[in-house]
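What follows is one structure encoded as structure tokens, with my remarks underneath.
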Amino acid sequence: MESESNNKVSNGLDGSTGAECMARRGNTCELILRVVTLALTVAAAIVLGVDKQTKVVPIQIAPTLPAVNIVAQAKWHYLSALVYAVVANIIASIYAAISIVIMLGSRKGKASIRLGQMAGVADLLMVGLLFSANGAALAIGLMGYKGNSHVRWNKVCNVFDKFCDQVAVSILLSLLAALAFTALVAITLLTFHKRFASKS
């Protein structure tokens, strides 16, 4: 009687153990997060990659002369920090797509454990890559919004408002992707902790 009740507790409705059910839920959660990272990084790269704005800006050459209207353009590839952000999001999106395919292709066995370890390290690298790219883009974005009086850099977002807004949206999307990758790292660490704890 006691063994039967233990079997009922340890086995699911389909005969699978509680550990297997938990592993299945963990895999589903991980897959959803990887799809989310793919969508966010692709969106961030596209939003920033198509970002440009043209404005007619009046330039005062001398106080006694009338202002001269000059056509000025703002494009993402004019700033190395934004180029880095686009490239970082493209790399992260490619990795996310590859990791989804690998995860769907190998679900069981020792190979999946090794792949899980490698994916955990790669996820951590993506976290560092995205946070560094977002930090660089955010620094140059704040410079555009506020300027810097110490080095006499004027703010430009009062002129190129649409351009700056798109940069801000892209940074937000990329930051959310970085947080999703951080969650994947946490899931990997928790999975390996449970696995080693059950063996000991």
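Any value given below was found using the heavy atoms of this structure, including those in side chains, with hydrogens, waters and symmetry copies removed.
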T41 (side chain) donor-acceptor with T37 (main chain) under 3.5 angstrom: yes
Working for side-chain contact (heavy atoms from CB on, under 4.5 Å), residues I187 and C29: CA-CA 9 Å; I187 288 171; C29 184; 4.0 Å; yes
Results of side-chain contact (heavy atoms from CB on, under 4.5 Å) for T54 - residues two or more places apart only: V71, Q73
N134 side-chain N/O to L130 backbone N/O, donor-acceptor pair under 3.5 Å: yes
L189-M126 co-clustered via ILVMFWY side chain contacts under 4.5 Å: yes
Nearest-0.5 Å distance, CG of residue N89 to CD1 of residue I94: 11.0 Å
Heavy-atom closest contact (A44 atom, S170 atom, distance): O-OG, 2.9 Å
Cluster overlap V121 with F181, hydrophobic side-chain contacts below 4.5 Å: no
Under 3.5 Å: donor-acceptor pair, side chain of S93, backbone of L38: no
Spatial distance of atom CD1 (I140) from atom CG (L79) [nearest 0.5 Å]: 5.5 Å
Trace of the side-chain contact (heavy atoms from CB on, under 4.5 Å) decision for W76 with V50: CA-CA 8 Å; W76 66 273; V50 300; over 6 Å; no
Donor-acceptor contact present, side-chain W153 to main-chain G147, <3.5 Å: no
Value rounded to 0.5 Å, distance of NZ in K155 from SG in C164: 11.0 Å
Main-chain N/O of A74 paired to Q53 side chain as donor or acceptor, under 3.5 Å: no
same_hphob_cluster(V57, V68) at 4.5 Å side-chain heavy-atom cutoff: yes
Distance, nearest 0.5 Å, that separates CG of L173 from CD1 of I46: 10.5 Å
Residue pair L138 / M143, side-chain heavy-atom distance below 4.5 Å: no
Partners passing side chain to side chain donor-acceptor pair (under 3.5 Å) against K75 (at least two apart in sequence or in another chain): none
Check: S132 and Y84 side chains under 4.5 Å, non-hydrogen atoms: yes
Where A133 and A85 come nearest, the two heavy atoms and their spacing: CB-CA, 3.9 Å
Exceeds 12 heavy-atom contacts within 6.0 angstrom, atom NZ of K146: no
Verify same cluster id: V156, I59 (apolar side-chain graph, 4.5 Å): yes
Non-hydrogen atoms of G120 and V185 that approach each other most closely: O-CG2, 4.2 Å
Distance, nearest 0.5 Å, that separates CD1 of I171 from CG of L48: 7.5 Å
Residues L82, V86; criterion side-chain contact (heavy atoms from CB on, under 4.5 Å); working and verdict: CA-CA 6 Å; L82 300 185; V86 171; 5.6 Å; no
Any donor-acceptor N/O pair, Q166 side chain to V47 backbone, under 3.5 Å: yes
Results of side chain to side chain donor-acceptor pair (under 3.5 Å) for D123 - residues two or more places apart only: R34, Y95
Single-linkage hydrophobic cluster, 4.5 Å side-chain cutoff, L172 and Y145 together: no
From F160 atom CZ to D165 atom CG, the distance as rounded to the nearest 0.5 Å: 13.5 Å
For the student: nearest non-hydrogen atoms of C157 and G141, plus distance: SG-O, 4.5 Å
Validation row: L104, L31 side chains within 4.5 angstrom (heavy atoms): yes
Verdict with supporting geometry, L179 and L175, side-chain contact (heavy atoms from CB on, under 4.5 Å): CA-CA 6 Å; L179 291 174; L175 278 172; 5.6 Å; no
